Amino acid sequence: MNNPVLSWLGIVRLGLVQTGLGAIVVLTTSTLNRVMVVELAMPAMLPGALVAIHYALQVFRPAWGHGSDLGARRTPWIVGGMAVLATGGLMAAVAMAWMTTHPLFGIALAVVAFCLIGVGVGAAGTSLLVLLAKRTDDNRRAAAATIVWVMMIAGFIVTTGMAGHLLDPFSPARLIVVSGSVSVAAMVLTIIGVWGVEGGQVTSVQPVSNRSQRQASFREAFMEVWTEPRSRRFAIFVFVSMLAYSAQDLILEPFAGAVFGFTPGETTKLSGVQHAGTLIGMAMVPLIGAIYPRSRGNLQIWTIGGCLASAIALLCLAAAAVVGPSWPLRETVFMLGVTNGAYAVAAIGSMMALVGAGGETREGVRMGLWGAAQAFAFGIGGFLGTLASDVARYILTSAALSYSAVFASEAGLFVAAAVMAIWVHRAPARDAMQQRFFDSPATAIAGGARS
């Protein structure tokens, strides 16, 4: 029984889930981060450790994806995951308020809250992407990825803007009310987004072989996916490319301040320039791809091209560090945003296209594996970027040269990711040759003799 293809309205509805997810995450990882460091005068490593916990729990994404595979329905996992996330978001705000009177108890509650946030993001996000991938037409995947991610960024923007307005003057009670309101709004958006998308039971009776496949243990399911060359290669590609993507985040503004003499306000505006470029890059992929709607391999071309273009933009930043203030920094950062946005949307679209390539009983495990690789890369990318900057400065004794070396290294990671993107798509031909060998009469006879 074929699942109905999502209309544009259906894609936008699922994007509402991503909007709610982004709203809670940005409030907990950004606004609460600032509250702990500024208003509560806590050490900066505390929010850093809490966010690291949230990323560390993403390693369980394949297990949550396997759980949704067993039931063949994603809606309960999306709604349940969002409920856990919303609870964690509210609990994190309560923990912040508790820190003002009982710091140790507040920190302990914050650890529990960020564990719930990590679980909620992983469970809801993995099943959401699988559902979107299964119900989206091939020619719409790049556009669907753009819509969903732009709606998530919209959730970032609206939440930070409204929270910033409502939290002044700051008080712990206001923080709890704002966080609770965001959590309730996210749940409402989620229910609107998934209501009726999957309908009733997918099938009343499943074939015996299909049922036994679904009921395999998680370890068996994971090893089955890991032994698929394309799934394994794509996980490595996601990790390397996202490592390059995230390693620049925490050093770009310090670089602009140290080498170009930008003020804090100017560096903040510079980040805005990069984010604007990212949105344009995301929108550019489906718009240009629409010119060739029947062209296969479009996402692969965009993924490889986005990685190579991001490498060029980072090499330009490396050159900017050497040349100094005469270099057009804002234009270079804007170009970096555009190339990163194009790469990100193409990679997500490829993820959606490949999730069912190895069979329809392991989509959740595959998406979970790739999501875990992405989260792990994000979790360590920022830290490795800052560590590399400090080590390079110690060795080279020059801020400009150290930033130049780090940006050039990140460019090298993107080049490696482009090569891996080609490597990923070469897997099917080799798999087909192997399958023909194992299906050949001679091999079958030999196998029968061994048994």
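Small disclaimer: the values here were computed from a predicted structure and weren't measured.
- Side chain of Arg233 to main chain of Met420: no donor-acceptor pair is present (N/O by atom type, distance under 3.5 Å, no hydrogens or angles).
- No more than 12 heavy-atom neighbours from other residues, nucleotides or ligands sit within 6.0 angstrom of CH2 on Trp195.
- Here the side chains of His66 and Phe60 are not in contact, with every heavy-atom distance at 4.5 Å or above.
- Put simply, the side chain of Gln58 gets close to the backbone of Gly118: a donor and an acceptor are under 3.5 Å apart.
- For the pair Ser389 (side chain) and Gly385 (backbone), a donor-acceptor distance under 3.5 Å is absent.
- Other residues, nucleotides and ligands contribute more than 12 heavy atoms inside 6.0 Å of the CZ atom of Phe222.
- Between Leu413 and Ala244, the closest heavy-atom pair is CB-CB, 3.6 Å.
- Within the 3.5 Å criterion, the main-chain N or O of Val197 finds a donor-acceptor partner in the side chain of Arg135.
- The structure places CG of Leu104 at 10.0 Å from CE of Met99, a figure rounded to the nearest 0.5 Å.
- At a threshold of 4.5 Å between non-hydrogen side-chain atoms, the residues His275 and Ile153 do not count as touching.
- Between the side chain of Thr19 and the backbone N or O of Gly15, at least one donor-acceptor pair lies under 3.5 Å.
- When ring centroids are compared, Phe260 and Phe255 come within the 6.0 Å threshold.
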Point to revise | Pair Tyr55-Gln374, side chain to side chain contact (heavy atoms under 4.5 Å, CB included): steps then yes or no | key: CA-CA 10 Å; Tyr55 278 121; Gln374 176 183 347; over 6 Å; no

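- Atom CZ of Phe156 has more than 12 heavy atoms from other residues, nucleotides or ligands within 6.0 Å.
- In this structure the side chain of Glu253 never reaches within 4.5 angstrom of the side chain of Leu270, judged on heavy atoms.
- In this structure, OG1 on Thr126 lies 10.5 Å from CG on Leu369, to the nearest 0.5 angstrom.
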Practice item. I would like to know whether Val119 and Trp64 meet side chain to side chain contact (heavy atoms under 4.5 Å, CB included); could you show each step before the answer? Key: CA-CA 9 Å; Val119 170; Trp64 299 321; 3.9 Å; yes

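- Between Phe105 and Trp98, the ring planes lie parallel to each other; the angle is under 30°, not in the 30° to 60° tilted range.
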**Study point:** Chi angles and distances behind the side chain to side chain contact (heavy atoms under 4.5 Å, CB included) call for Arg74, Asp69
**Key:** CA-CA 8 Å; Arg74 316 295 168 177; Asp69 285 340; 2.8 Å; yes

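- The aromatic ring centroids of Phe234 and Trp370 lie less than 6.0 Å from each other.
- No side-chain heavy atom of Glu331 sits less than 4.5 Å from a side-chain heavy atom of Val273.
- In terms of heavy-atom proximity, Val84 sits nearest to Leu116 at CG1-O, 3.3 Å.
- Minimum heavy-atom separation, Gly88 to Ala113: O-CB, 3.5 Å.
- Residues Val333 and Leu317 are in side-chain contact: their nearest non-hydrogen atoms beyond the backbone lie under 4.5 Å apart.
- With Ser179 contributing its side chain and Gly89 its backbone, the two residues share a donor-acceptor pair below 3.5 Å.
- Atom CG of residue Leu129 and atom CG of residue Leu14 lie 10.0 Å apart, to the nearest 0.5 angstrom.
- Residues Val338 and Met335 form no side-chain contact, since every pair of their non-hydrogen atoms from C-beta on lies 4.5 Å or further apart.
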Point to revise | Derivation of the side-chain hydrogen bond (donor to acceptor under 3.5 Å, both in side chains) call for Ser310 and Asn340 | key: CA-CA 6 Å; Ser310 295; Asn340 281 177; 3.0 Å; yes

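- Below 30°, between 30° and 60°, or above 60°: for Phe376 and Phe239 the angle between ring planes is below 30°, a parallel geometry.
- In this structure, Ala235 and Trp226 approach most closely via the heavy-atom pair CB-CZ3, 4.5 Å.
- Side chains of Trp423 and Phe237 form no contact here, defined as non-hydrogen atoms less than 4.5 Å apart.
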Practice item. Begin from the C-alpha positions of Ile251 and Glu410 and carry the test side chain to side chain contact (heavy atoms under 4.5 Å, CB included) through to its verdict. Key: CA-CA 12 Å; Ile251 64 172; Glu410 292 170 5; 3.6 Å; yes

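- In this structure, CD1 in Ile78 is found 5.5 Å from OG1 in Thr75, a value given to the nearest 0.5 Å.
- In terms of modelled atom types and a separation under 3.5 Å, the side chain of Thr339 and the main chain of Leu336 share a donor-acceptor contact.
- Atom CD1 of Ile24 sits about 5.5 Å away from atom CE of Met82, to the nearest 0.5 Å.
- Closest non-hydrogen pair, Pro62 versus Val59, comes out as CD-O, 3.3 Å.
- Judged by distance alone, with hydrogens and angles left aside, the side-chain atoms of Ser402 form no donor-acceptor pair with the main-chain N or O of Ala392 at under 3.5 Å.
- With hydrogens and angles ignored, the 3.5 Å screen pairs no side-chain donor or acceptor of Arg366 with any backbone N or O of Leu354.
- Here the CG-CE distance, from Leu21 to Met152, works out to 8.0 Å after rounding to the nearest 0.5 Å.
- In terms of heavy atoms, Ala163 sits closest to Val178 at CB-CG1, 4.1 Å.
- Ser127 places no side-chain N or O within donor-acceptor distance of the main-chain N or O of Ala124, the cut-off being under 3.5 Å.
- At most 12 heavy atoms of other shown residues, nucleotides or ligands fall within 6.0 angstrom of atom CE in Met162.
- Counting heavy atoms from C-beta on, the side chains of Tyr403 and Pro254 come closer than 4.5 Å.
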